[in-house]
2 protein chains.
Amino acid sequence: MDEHDQTLYFRLFNEIGILEQISRTFLEVRLPDGFIAPHFAVLNHLIRVKDGRTPLELARAFQVPKTTMTHTLAGLEKGGLVEMKPNPEDGRSKRVWITHAGRSFRNRAIADLSPLFGALAEAFPPDTVAQMMPELERLRIFMDDLRDRVS
Amino acid sequence: MDEHDQTLYFRLFNEIGILEQISRTFLEVRLPDGFIAPHFAVLNHLIRVKDGRTPLELARAFQVPKTTMTHTLAGLEKGGLVEMKPNPEDGRSKRVWITHAGRSFRNRAIADLSPLFGALAEAFPPDTVAQMMPELERLRIFMDDLRDRVS
DNA sequence: CTCAGATAGTGCGATATCGAACCAAATGGA
DNA sequence: TCCATTTGGTTCGATATCGCACTATCTGAG
């Protein structure tokens with residue numbers, strides 16, 4: 001591995017870091033006070049994937065520590081955007097259900113993002129993005145597997 | 001914009017968020033106690049780009065609020081990895097210089113990452129990554145410009 | 001030169017992130 | 001069945017992030 005290649009990989013992760021930073025900030029200024037990107041992301045996941053996930057499933061989906069997810073869910077519950085109910089199949093566990101208020105919150109946020117998507121669609125048409133996705137997903141899966149494999 | 005396209009853009013930013021999360025964690029478990037990814041990123045930037053940047057330049061490079069950069073630099077300075085000197089061209093400002101210890105720290109971190117790069121190079125050869133970079137950079141620049149343009 | 005506004009950086013308070021330690025429930029091998 | 005181990009979740013404490021407000025300095029119009 002020569003220095004040039006190494007630099008390339010650094011630049012890749014650096015771009016990802018900056019993109020995360022920009023897109024998160026972009027979303028957060030459009031959310032009501034007291035709510036941040038992870039709140040939206042969880043609501044979105046509950047709708048896009050499915051309701052009734054356990055906290056641990058959510059933590060794994062976003063690759064965050066479970067204590068972080070506990071905290072995020074507490075914020076959502078306090079805001080009445082989700083309900084936590086016991087998991088009938090496992091006494092240790094809970095299941096997270098999105099409320100009507102949660103759906104409204106998510107839909108409003110999406111509506112507030114539509115100017116972004118409009119502008120984005122001009123510079124990055126859906127088929128362009130669709131071409132980028134497989135490699136990004138492959139990279140994410142690779143990195144995920146790697147945690148166990150590398151020293 | 002139909003729902004399918006919207007979902008596509010969400011998935012894009014979601015992948016970016018998860019990738020950031022995984023790669024940051026991957027790095028941080030390999031850094032000495034008390035240091036985190038932003039510390040490494042700043043040191044790396046000072047070497048890759050150039051020494052003697054101002055805190056504000058660094059904040060802009062990483063798209064973080066300047067108070068966050070103040071905090072990160074304080075950590076680096078406390079650890080003896082950078083030196084902050086007054087900026088002779090502007091009495092309000094400072095310039096950040098990396099120390100010998102800072103260079104060693106960065107080189108050690110890179111050495112600890114080499115197993116990752118080795119594994120990565122198999123699944124994602126440099127030319128594959130090189131193909132991904134321009135679109136990611138273009139997206140980052142687009143998002144950056146967008147902050148002013150959209151509602 | 002003057003001063004109103006812009007800019008660089010910091011202090012502070014509120015909240016987020018996350019590792020360590022912990023509890024309770026589930027699992028599975030003897 | 002029993003109990004050692006694993007697993008889901010929370011609590012707690014340390015540190016990070018970031019918006020707001022502030023100071024010091026610079027800049028430019030007049």
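Each chain gets a letter, A, B and so on, in the order the sequences are listed, and its residues count up from 1. Only heavy atoms go into these numbers, but all of them, side chains included; no hydrogens, no water, no symmetry mates.
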Contacts table for residues 55-66 of chain B: side-chain donor-acceptor under 3.5 angstrom, sequence neighbours left out:
unit_1	atom_1	unit_2	atom_2	d
B:E57	OE1	B:T54	N	3.0
B:Q63	OE1	B:R147	NH1	3.1
B:Q63	OE1	B:R147	NH2	3.4
B:Q63	NE2	B:D144	OD1	3.1
B:Q63	NE2	B:D144	OD2	3.2

Open item on the list: Below 4.0 Å from chain A heavy atoms, what is the first contacting nucleotide of DNA chain D and what is the last?
Closed with: D:dT7 to D:dC18

Open item on the list: For a quick check of understanding: with a heavy-atom distance under 4.0 Å over all strands, which category does A:T70 fall into, base, sugar-phosphate or nothing?
Closed with: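 Base, at least one base heavy atom under 4.0 Å.
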
Task: Touch class at under 4.0 angstrom, heavy-atom based, for B:R95 against every strand present - done: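 If one applies the 4.0 Å heavy-atom cut-off, B:R95 turns out to touch nothing in the nucleic acid.
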
- [ ] Ignoring backbone atoms, establish whether B:R60 has a side-chain N or O less than 4.0 Å from OP1 or OP2 of C:dG9.
- [x] no

Open item on the list: In this structure, how many angstroms lie between the C1' atom of C:dA8 and the CE atom of B:M84, rounded?
Closed with: 11 Å

Task: Distance, rounded to the nearest Å, where B:L73 contributes CG and C:dA8 contributes C1' - done: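 To the nearest whole Å, that distance equals 13 Å.
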
Task: A:E137 and A:R140 ion-paired at < 4.0 Å - done: no

TODO: Would you jot down, in residue-number order, the residues of residues 14-24 of chain A having a non-hydrogen atom under 4.0 Å from DNA chain D?
DONE: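 Here the set is A:Q21, A:R24.
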
Task: Listed once per pair and sorted, the ring-ring contact (aromatic ring centres under 6.0 Å, His included) pairs that draw on residues 87-134 of chain B, sequence neighbours left out - done: A:Y9-B:F117, A:F10-B:F117, A:F142-B:F124, B:F35-B:F105

- [ ] Produce a footprint string for nucleotides 20-28 of chain C: one letter per nucleotide, 5' end first; B if the base is under 4.0 Å from any protein heavy atom, S if only the sugar-phosphate is, - if neither.
- [x] B---BBS--

- [ ] Answer yes or no: does atom CZ of A:R108 have more than 12 heavy-atom neighbours from other residues, nucleotides or ligands under 6.0 Å?
- [x]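 For A:R108, atom CZ is not crowded (no more than 12 foreign heavy atoms under 6.0 Å).
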
- [ ] Rounding to 10 degrees, work out the angle separating the end axes of the helix from C:dC1-D:dG30 to C:dA30-D:dT1 (five pairs an end).
- [x]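 Computed from the C1' atoms at both ends, the axes differ by 30°.
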
